[in-house]
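Convention: sequence-line order gives letters A, B, ...; per-chain numbering from 1. All of these numbers come straight from a predicted model, not from anything done at the bench.
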There are 4 protein chains.
Amino acid sequence: MEARILPRNLQRQDNAPTDARQVRSRKALTGAMLALLEETPFDQVTIREITARAGTGYATFFRHYPDKEALLGDVASQEIASLLAMTLPILCSASSAETTRALCQHVAEHRTLWSALLTGGAAGILREEFIRQARDLAIGMAQPDIWLPADLAVVYATGATIDLLAWWLARMEDYPAHQIAAILDRLIIAPLLGGRADLFGKTTSN
Amino acid sequence: MEARILPRNLQRQDNAPTDARQVRSRKALTGAMLALLEETPFDQVTIREITARAGTGYATFFRHYPDKEALLGDVASQEIASLLAMTLPILCSASSAETTRALCQHVAEHRTLWSALLTGGAAGILREEFIRQARDLAIGMAQPDIWLPADLAVVYATGATIDLLAWWLARMEDYPAHQIAAILDRLIIAPLLGGRADLFGKTTSN
Amino acid sequence: MEARILPRNLQRQDNAPTDARQVRSRKALTGAMLALLEETPFDQVTIREITARAGTGYATFFRHYPDKEALLGDVASQEIASLLAMTLPILCSASSAETTRALCQHVAEHRTLWSALLTGGAAGILREEFIRQARDLAIGMAQPDIWLPADLAVVYATGATIDLLAWWLARMEDYPAHQIAAILDRLIIAPLLGGRADLFGKTTSN
Amino acid sequence: MEARILPRNLQRQDNAPTDARQVRSRKALTGAMLALLEETPFDQVTIREITARAGTGYATFFRHYPDKEALLGDVASQEIASLLAMTLPILCSASSAETTRALCQHVAEHRTLWSALLTGGAAGILREEFIRQARDLAIGMAQPDIWLPADLAVVYATGATIDLLAWWLARMEDYPAHQIAAILDRLIIAPLLGGRADLFGKTTSN
DNA sequence: CTCTAATCGAGACGGTACGTCGCGTCTTACG
DNA sequence: CGTAAGACGCGACGTACCGTCTCGATTAGAG
């Protein structure tokens with residue numbers, strides 16, 4: 001029907017406001033997806049379940065998303081967007097300690113949401129979406145002198161952070177947010193920035 | 001939680017030798033899985049394809065593995081076992097540079113195999129199996145003084161290494177093995193070992 | 001046991017007309033079943049064959065019938081319905097000779113159809129459906145004075161007629177229809193009606 | 001096609017006595033089949049169930065019978081043989097009343113056995129075996145003058161008797177044996193014998 | 001009373017059909 | 001006239017059973 005020029009992420013972002021019903025349907029679908037993800041691992045979630053929960057017709061799903069994965073991607077971009085506004089400045093900001101602390105705080109406050117997103121079958125897609133957005137942001141930023149390929153830096157930082165957060169989400173009772181933030185700082189951020197800073201104890205923290 | 005040293009992969013491996021036919025069937029199945037993974041992403045591989053390629057009956061698959069995932073897990077443990085003999089000593093060995101070099105060399109020599117295993121839907125299961133085996137090995141080793149929780153160290157080192165290798169496997173022409181080994185050393189291994197162990201004051205205790 | 005007048009065939013027939021596709025699918029399925037029965041004994045007919053022949057999807061079968069048997073039951077009721085309009089009046093009509101003759105004529109004209117239905121594994125189900133419809137009709141008719149239990153009369157007349165027809169269908173070249181009709185009259189109908197008429201030669205024929 | 005007088009039951013019966021183990025196995029199998037038939041309809045009985053119940057190995061079944069049907073046929077011949085010694089003389093004996101009475105008595109005494117044999121999926125095979133034995137016996141007997149084809153007489157008498165008995169077995173509380181015997185006599189036997197033999201003019205010739 | 005060969009149990013295997021489930025398309029009927 | 005409801009084609013799933021086969025272990029019956 002429509003002449004879709006742009007692959008699919010722009011479709012998502014610029015066709016929302018046209019019709020009021022479409023907005024409502026999408027919101028219902030993303031909401032239903034989020035709700036279901038907190039009960040069921042992603043790959044056991046059925047499109048029929050989603051539409052049933054969203055109170056919308058089954059075929060309506062396909063008028064908005066080609067796949068179950070596309071819906072998850074949409075959900076992911078929204079949730080990631082708010083989170084990423086904090087995590088990416090880490091790489092540039094002088095006081096990354098503040099930012100990592102804020103990041104962990106945010107995750108802790110939406111624990112069930114991020115547990116659902118970062119565990120189960122959703123992790124793979126979420127990781128991809130995470131990296132995509134991180135890469136987009138990184139392009140816009142002035143590249144500081146980094147001793148390794150810029151793309152690898154994004155992939156590594158994103159992946160390792162996700163792994164750390166996923167590990168933490170399963171044991172959140174045992175570790176406070178600030179401790180995880182410190183680990184994140186020292187284990188992931190510092191090696192990226194400081195050439196050999198870590199070897200000499202000039203870590204970015206304190 | 002429970003401390004079973006050899007979780008279940010030995011279960012798989014020590015019920016085989018009873019019947020000669022079972023050994024043959026399993027070998028055919030794992031071989032077929034490996035062959036198919038180099039052509040098709042894991043979640044598009046059909047059990048019927050596997051059995052057809054293996055030259056075995058369709059129902060026979062389920063006499064050995066409950067799932068497609070279980071077979072992948074079996075394949076993974078075998079391939080990982082040989083690889084892990086090199087990668088885990090990295091954490092202890094004085095000259096980790098040697099070991100990381102050997103690791104990257106090994107991966108480069110079996111590029112298509114590890115490309116298949118670390119990309120596509122297989123990555124998740126492989127990551128889990130990797131961590132399982134790494135954890136088993138880590139238990140048996142003398143724990144050096146590590147400034148972060150031992151379990152997190154395993155998860156982080158494994159995950160980050162996999163990410164790095166996966167990134168490399170997609171761009172192998174651009175980077176020689178020794179460079180990746182150096183990155184692995186500096187980006188992942190060094191931050192784990194080096195530094196003040198007591199920065200956070202006995203973090204491994206809950 | 002329970003006296004449900006219209007057991008379940010009407011259930012089948014009054015939910016069809018809602019959707020035009022359903023009508024088409026059912027007709028295709030029954031047609032395919034009839035066609036296959038003339039080539040293969042019933043219990044060697046596969047649901048996959050039926051759907052392939054009908055040009056319909058495999059799962060579609062189960063959206064209409066729970067079983068292969070249910071489809072045969074549906075086919076049977078249709079074919080029996082047209083036949084039974086002739087055979088049941090035999091019991092009441094004064095000139096049964098006419099009716100039996102018509103019955104045999106009808107069977108002879110659709111020989112392959114009835115051969116398929118009355119031989120092979122289909123016979124059992126067809127017999128049941130035959131008796132069911134005969135019983136339904138018998139309830140509606142005024143019961144003449146019969147010297148044996150009404151239900152037994154139905155079962156006996158139906159079963160014996162089917163046996164006779166099945167026997168005839170395998171040797172149709174050797175016996176003309178009117179002769180079978182005469183046998184049917186004298187062997188099955190007469191003993192039911194005439195108290196002792198058969199002993200004195202006052203058969204219904206002539 | 002070929003005129004084998006004793007089709008295949010003698011095949012079965014003359015290879016038994018060689019080994020004592022074979023006798024034991026067969027007895028176990030037939031016993032298990034009979035026991036299972038009283039609990040389960042024939043076509044839901046599994047060969048694995050039979051062998052499990054018989055306490056014999058699974059493959060052993062196929063060393064004695066090619067099919068589940070063959071075993072049922074064997075079981076049937078045994079049970080029918082004892083019954084048929086009474087039912088066939090009905091056609092010749094002057095006092096058929098005595099014989100039918102004895103027949104019904106016998107069935108009543110082994111009610112569960114014959115219920116199992118004459119209802120469920122077993123009925124078809126049993127009917128065939130019944131007719132086969134009846135036909136064999138009829139060949140040996142002097143053919144009285146019968147007004148219809150001899151083979152049809154056998155088929156009709158056997159089938160109608162089985163139908164009557166099956167009907168009775170489901171309602172045995174309501175009708176005593178002697179009443180069924182009377183019905184059998186009047187409804188099935190009498191029409192066969194009585195009447196003008198030449199009503200149709202040498203019907204037995206083709 | 002021994003020895004040899006047939007029979008047995010156990011169960012893995014290739015094969016085939018089953019009935020279920022979910023996807024994504026497309027038609028129908030209704031508001 | 002557009003949206004819900006849902007039937008449909010498709011195809012993979014996991015299960016069940018069949019009939020064949022390969023094993024040793026046992027045991028019957030011939031010598």
Side-chain angles (χ1 to χ4, degrees), chain A residues 19 21-22 24-25 43-52 54-63 65-70, chain B residues 16 18-26 28 43-52 54-68, chain C residues 16-26 28 43-52 54-68, chain D residues 18-26 28 43-52 54-69:
Chain A
D19 198 332
R21 289 167 297 186
Q22 292 194 10
R24 189 161 43 85
S25 290
D43 31 275
Q44 292 182 25
V45 172
T46 295
I47 294 185
R48 290 200 145 82
E49 275 178 329
I50 298 171
T51 53
T56 174
Y58 174 63
T60 302
F61 179 92
F62 299 97
R63 291 190 195 104
Y65 302 101
D67 272 336
K68 197 174 48 171
E69 280 75 16
Chain B
T18 54
D19 199 329
R21 294 168 289 183
Q22 296 194 11
V23 185
R24 186 163 45 86
S25 291
R26 292 216 174 175
D43 32 275
Q44 291 182 27
V45 172
T46 293
I47 294 186
R48 289 201 144 83
E49 276 178 327
I50 298 172
T51 53
T56 177
Y58 174 63
T60 301
F61 179 91
F62 299 97
R63 294 184 186 113
H64 294 276
Y65 302 102
D67 272 335
K68 200 174 44 171
Chain C
T18 55
D19 199 328
R21 293 169 290 182
Q22 295 194 13
V23 186
R24 186 162 44 87
S25 291
R26 292 215 175 177
D43 31 277
Q44 292 182 26
V45 173
T46 293
I47 294 185
R48 290 201 144 82
E49 276 178 328
I50 299 171
T51 53
T56 176
Y58 174 64
T60 301
F61 180 91
F62 300 97
R63 294 185 185 113
H64 294 276
Y65 302 100
D67 271 335
K68 200 173 46 173
Chain D
T18 55
D19 199 329
R21 291 168 290 185
Q22 294 194 9
V23 186
R24 190 159 43 87
S25 290
R26 291 212 177 180
D43 32 274
Q44 292 182 26
V45 172
T46 295
I47 295 186
R48 290 200 144 83
E49 276 179 328
I50 298 172
T51 54
T56 177
Y58 174 61
T60 301
F61 180 92
F62 300 97
R63 296 186 188 111
H64 294 277
Y65 303 100
D67 272 335
K68 198 173 49 171
E69 281 75 15

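Side chains of A:Ile50 and A:Val45 form a contact here, defined as non-hydrogen atoms less than 4.5 Å apart.
For C:Arg26 and F:dA7, the CZ to P distance is 11 Å, given to the nearest whole Å. A straight line from CZ of B:Phe62 to P of E:dG14 spans 14 Å, rounded to a whole angstrom. The CD atom of C:Glu49 sits 12 Å away from the C1' atom of E:dT16 (whole-angstrom rounding).
Summary of helix geometry: the two end axes of the helix from E:dC1-F:dG31 to E:dG31-F:dC1, each defined by five base pairs via their C1' atoms, are inclined to each other by 30° (rounded to 10°).
Residue D:Gly55 is classed as a sugar-phosphate contact, given heavy-atom separations below 4.0 Å to backbone atoms only. Heavy atoms of C:Asp67 sit under 4.0 angstrom from primed sugar atoms or phosphate atoms, though from no base atom.
Phosphate proximity of F:dG19 to D:His64: absent, as no side-chain N or O sits under 4.0 Å from OP1 or OP2. Proximity of C:Thr46 to the phosphate of E:dT16: no side-chain N or O atom is located under 4.0 Å from OP1 or OP2.
In this structure, the nucleotide among E:dC18, F:dC8, F:dT22 sitting nearest to the side chain of C:Ile47 is E:dC18. Side-chain atoms of D:Gln22 lie closest to E:dC8 of the nucleotides E:dC8, F:dG14, E:dA12. With distances taken from any side-chain atom of A:Tyr58 to the nucleotides F:dC18, F:dC21, E:dG24, the minimum falls on E:dG24. Proximity note for B:Thr60 (side chain, C-beta onward) versus F:dG6, E:dG19, E:dC13: the nearest is E:dC13. Picking from E:dC8, E:dT16, F:dA5 the nucleotide with the shortest atom distance to the side chain of A:Ala59 gives F:dA5. Candidate nucleotides E:dC13, E:dC26, F:dA28 were compared by shortest atom distance to the side chain of B:Ser25, and E:dC13 ranks first. Closest approach to the C:Thr56 side chain among F:dG9, E:dG24, E:dC13 is made by F:dG9 (side chain taken as heavy atoms from C-beta onward).
With rounding to the nearest 0.5 angstrom, the CZ atom of B:Arg26 is 12.0 Å from the OG1 atom of B:Thr60.
When each of C:Arg48 and D:Gly57 is assigned the nucleotide of DNA chain E bearing its nearest heavy atom, the one mapping closer to the 5' terminus is D:Gly57. Residue-to-nucleotide proximity on DNA chain E shows that, of B:Arg63 and C:Lys68, the 5′-proximal contact is made by B:Arg63.
Both the sub-6.0 Å distance and the 45° axial angle are not jointly satisfied by C:Arg48 relative to the ring of C:Phe61.
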